[in-house]
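Below: the structure, in structure tokens.
Naming: A, B, ... by sequence-line order, numbering from 1 per chain. The shown structure was predicted, so the numbers you read here are calculated from the model rather than taken from an experiment.
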There are 2 protein chains.
Amino acid sequence: MSTPVGRRELNKAANREAIAGAALAFLRNRALNEFTVDDVAAEAGVSRRTFFNYFSSVEAAVASFTQDYLDSVITALEARPVDEPILESAQLALADVGSPHDLAVLAETFALTQDPALGRFQLQAWDECTVKIADVARRRLPQGTDELYINAMVGAVVGAGRAAIVVWHERNGTDTSPTSLAQLRELLATAIALIRNGFQS
Amino acid sequence: MSTPVGRRELNKAANREAIAGAALAFLRNRALNEFTVDDVAAEAGVSRRTFFNYFSSVEAAVASFTQDYLDSVITALEARPVDEPILESAQLALADVGSPHDLAVLAETFALTQDPALGRFQLQAWDECTVKIADVARRRLPQGTDELYINAMVGAVVGAGRAAIVVWHERNGTDTSPTSLAQLRELLATAIALIRNGFQS
DNA sequence: GTGCAAGTTTGCACTCAATGCAAACAAGAA
DNA sequence: TTCTTGTTTGCATTGAGTGCAAACTTGCAC
């Protein structure tokens, strides 16, 4: 992957970040229907129309954080050796990923899921993630592996992974101290282990 | 549960059905942005304002079908004996549920998931279902069962269940012949079995 | 630098979603 | 009938979202 960094790309990245950040900032203080796209655009130093060049709604802007986190997980997963058992790869990828800052934002946006309109977009991010992971799994598992096996496994992993984050968030709120983050990694690892071993108990 | 059936309740149910049905009817022929709420309201024989008394958007109206299906699954699950292993209950509840007509509509709305705006609302229905099933599981499993265990199991079951429907839909499209439906039940059963036994292979 | 091509932002105009409110209307109970 | 309560409807208002064309910025070649 090349990294062509001209002013064009930099400006776009900066705008995108400014807009998403501004949206999140507003949500810290007010509910979704208590401010407008104009407000966010102004805060981001950009016109209303430009806002919509980047995101189709405030909800989408906020969901971009979740998308970015999940993409980083997928990148980590793809970096694992292909001969490693795939669920072990998943476990290790999850253990590695996420700077404290990124996880803090993840926890924060997770809290916002209370608002259904925001929640929908987060769910969509998870769903897209599921599709992408299924592609990775399809490439790594033996040719001709049953599609049900692949999709059920990935669906289960993502479902259980999300459950781990839900439980973590319920226990720790938006605390992202090293201790709390260690607990998150632990929960994620346990969740994947459950998928590997089944719920036969 | 009482069943107080006056004209009031009947009218409301009829309106609700008419609106959701009209929305689905439009989507059979046109894309989401090719018709308006006014169109749907007119088709349903109701004012625009009344449309919004029932659903907050066309997307929500369409998602009501998925909601209803998932609610019926939950009802079936709650009807299973409490001493049955819970994943067996899940398997059996899924096997029983859904008239051919309901499953036909489910398959149809599933196809519409291509449109992200519609997909988001469907995902939300699945998510609400996850929460409700977690409540059922919490009541049935021994007191003090780890929340991670409960949520991961339910997340996995729902994720794998949805995967089964996705695979079924990819293989059979909107074919809801008895043969096709038998395949769906089979896929669902296999998916749950995978969750029970794990992906250790 | 100058000038040109391609990409990006912005303002404007327009349609339509979504909600509050109050008046009209329908249903059930006395 | 009459009264009460729940439901529908029209009207008015705000703001989301998009198409379009003009202004502006960047990259590139000379």
Under the side-chain contact (heavy atoms from CB on, under 4.5 Å) rule, what do Q183(A) and N172(A) come out as? Steps first, then yes or no, please.
CA-CA 9 Å; Q183(A) 282 170 16; N172(A) 298 35; 2.9 Å; yes
Examine the side chains of W126(B) and T66(B) and answer whether a donor and an acceptor come within less than 3.5 Å of each other.
no
Just wondering, more than 12 heavy atoms not from E17(B) lying within 6.0 Å of its CD?
no
Just say parallel, tilted or perpendicular for the rings of Y149(B) and F199(A), cut-offs at 30° and 60°.
perpendicular
Taking atom P of dA17(C) as reference, at what distance in whole Å does atom CD of E59(A) sit?
16 Å
Could you tell me whether the side chains of S89(B) and R140(B) share a donor-acceptor contact shorter than 3.5 Å?
yes
Report the nucleotide, chosen from dT9(C), dT8(D), dA18(C), that has the shortest atom-to-atom distance to any side-chain atom of S57(B).
dA18(C)
Spacing between F55(B) atom CZ and dA17(C) atom C1', to the nearest angstrom
16 Å
From CZ of F121(A) across to C1' of dG17(D) the rounded distance in Å is 12 Å
Using a cut-off of strictly less than 4.0 Å, decide whether T50(B) has a side-chain nitrogen or oxygen near OP1 or OP2 of dT9(D).
yes
Over how many whole Å does the gap from L10(A) atom CG to dG7(C) atom C1' extend?
15 Å
Nucleotide by nucleotide, nucleotides 25-30 of chain C touches protein heavy atoms under 4.0 Å in the pattern (B base, S sugar-phosphate only, - none) -BBS--
Atom-pair distance (CG on D38(B); P on dA18(C)), nearest Å:
12 Å
Can you tell me if CD on E84(A) sees more than 12 non-hydrogen neighbours from other groups inside 6.0 Å?
yes
If you measure from the Lys or Arg side-chain nitrogens to the Asp or Glu carboxylate oxygens, is any gap between D146(A) and R171(B) under 4.0 Å?
yes
Under 4.0 angstrom between N15(B) side-chain N/O and dT8(D) OP1 or OP2:
yes
Using a 4.0 Å heavy-atom cut-off across all strands, classify F51(B) as base, sugar-phosphate, or nothing.
nothing
Protein heavy-atom contacts under 4.0 Å, written 5' to 3' over nucleotides 18-24 of chain D as B (base), S (sugar-phosphate only) or - (none), form the string BBB----
Can you tell me if the side-chain N/O atoms of Y54(B) get under 4.0 Å from OP1 or OP2 in dT7(D)?
no
Using atom types as modelled, flag every donor-acceptor pair under 3.5 Å from a side chain in residues 50-59 of chain B to any protein atom, sequence neighbours excluded.
residue : atom : partner : partner atom : Å
T50(B)  : OG1  : S47(B)  : OG           : 3.2
N53(B)  : OD1  : R49(B)  : NH1          : 3.2
S57(B)  : OG   : A60(B)  : N            : 3.1

Is it the case that atom CZ in R7(A) sees more than 12 heavy atoms from other parts of the structure closer than 6.0 Å?
no
Find the distance D39(B):CG to dC16(C):P and express it as a whole number of Å.
9 Å
